There are 2 protein chains.
Amino acid sequence: MSKTENIPDIGKHGDDFSAMFAALGDPTRLAIFDRLADGRPRSISTLSDDADMTRQAVTKHLRVLEAAGLVQNHRVGRESQYAFCPDQLAQARAYLDQVAGRWESALMRLKSFVEDDEE
Amino acid sequence: MSKTENIPDIGKHGDDFSAMFAALGDPTRLAIFDRLADGRPRSISTLSDDADMTRQAVTKHLRVLEAAGLVQNHRVGRESQYAFCPDQLAQARAYLDQVAGRWESALMRLKSFVEDDEE
DNA sequence: ATAAAGTGCAACTTTTTAGTTGCATAATGA
DNA sequence: TCATTATGCAACTAAAAAGTTGCACTTTAT
């Protein structure tokens, strides 16, 4: 286990993001999340209607999304409404932007290196 | 299975994104991906050095990332170099932006609805 | 009051994923 | 040449995830 290379600070914050990506990493969950992006809260039954699986399965998916902070739940009467929650989405976007930014910077450095080499 | 509500076109493209998110949804893989964002290709051994798991495990993770189009592999001599691949990352960002956009639009509509109601 | 709708909990099976080990093979350096 | 380094393949174990079923409970509508 040589520690020669610089070790990125993943593990400090990287795990958090991976949990959120994991929540989105299931087609059913991503579909639910995508659907809730119109702002309208929906009950579990409503969300289960279009899914080709049990209500219980959908419930589990919703709890995974909730645990990841991607949706919010509040009970109204006998039904529990799940609603889109934009905060974590913003976090995910910020993270991906940051990664893309590092990549761009690396490209720039490589470009200027090549240019320096050519003159 | 009532089809009263409008069904989003997830499944047409949503599954693709979920596969990519799933690839990023593991802390080890996200760490590798994050690390490769500096543009420097690295061999499997190099990437295994800092990981607290077997080289084979890292290899599997790299193949998952490769299958998702997040990294590229090419063999040089006896070692196989894995490099950052920005295309899919851009796709992911675009998708999240689109979702966030839909959410924003929904907020706007709600806002103007409330304003209309108040006057 | 009572049936129906919406949900929750718990136990269970099945499938996938993460990780390991052992062995074989190609490329490199002394 | 021969040891070393880097990798690939296959079989395996262990753990997590996905999904099911059955039953109980609360809320709503008739």
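Chain identifiers are assigned alphabetically (A, B, ...) following the order of the sequence lines, protein sequences preceding nucleic acid strands; residue numbering begins at 1 within each chain. Because the structure is predicted, anything quoted here is derived from the model rather than measured.
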Establish whether the base of dG19(D) is bridged to the side chain of Arg55(A) by a donor-acceptor pair shorter than 3.5 Å. no
Do the side-chain N or O atoms of Arg75(B) get closer than 4.0 angstrom to the phosphate oxygens (OP1, OP2) of dA6(D)? no
What does Gln56(A) touch in the nucleic acid at a heavy-atom separation under 4.0 angstrom: a base, only the sugar-phosphate, or nothing? base
Measure from the side chain of Ile44(A), starting at C-beta and using heavy atoms only, and say which of dT7(D), dG8(C), dG19(D) lies closest. dG8(C)
Closest of dG19(C), dG8(D), dT21(D) to the Thr59(B) side chain is dG8(D)
Hey, does the side chain of His61(B) come within less than 4.0 Å of dG19(C)'s phosphate (OP1/OP2), counting only N and O? yes
Are Arg29(A) and dA18(D) close enough that a side-chain N or O sits under 4.0 Å from OP1 or OP2? yes
Residue closer to the 5' end of DNA chain D, Gly25(A) versus Glu79(A) (nearest nucleotide): Gly25(A)
Over how many whole Å does the gap from Phe21(B) atom CZ to dA17(D) atom C1' extend? 19 Å
I need the CG-P distance between Leu65(B) and dA18(C), as an integer number of Å. 10 Å
Any side-chain heavy atom of Arg42(B) sitting closer than 4.5 Å to one from Ile32(B)? no
Value in whole Å for how far the C1' atom of dT7(D) lies from CG of Asp49(B): 14 Å
Spacing of His74(A) atom NE2 relative to dG6(C) atom C1', expressed in whole Å: 15 Å
dG8(D), dG19(D), dG8(C): which one has an atom nearest the side-chain heavy atoms of Ser80(A)? dG8(C)
Of Lys60(A) and Gly77(A), the one whose nearest nucleotide on DNA chain D sits closer to the 5' end is Lys60(A)
Looking only at side-chain atoms of Arg78(B), point me to the closest of dA4(C), dT21(C), dT5(D). dT5(D)
Does dT7(D) have OP1 or OP2 under 4.0 Å away from a side-chain N or O of Ser45(B)? yes
Here the distance between atom P of dA15(D) and atom CG of Asp26(B), to the nearest Å, is 17 Å
Euclidean distance, atom CG of residue Leu62(B) to atom P of dT17(C) [Å, nearest integer]: 17 Å
Measuring from atom CG of Asn73(A) to atom OG1 of Thr59(A), what distance do you get when rounded to the nearest 0.5 angstrom? 10.0 Å
OP1 or OP2 of dT20(D) sitting under 4.0 Å from any side-chain N/O of Thr54(A)? yes
Heavy-atom donor-acceptor pair, Ser43(B) side chain to Thr46(B) backbone, under 3.5 Å: yes
Gap separating the CD1 atom of Ile44(A) from the CZ atom of Arg63(A), nearest 0.5 angstrom: 7.0 Å
Under the side chain to side chain contact (heavy atoms under 4.5 Å, CB included) criterion, do Tyr95(B) and Leu30(A) qualify, and how do the steps go? CA-CA 11 Å; Tyr95(B) 172 71; Leu30(A) 186 57; 3.5 Å; yes
Please tell me which of the listed nucleotides, dA11(D), dG19(D), dT7(C), lies nearest to the side chain of Ser43(A)? dT7(C)
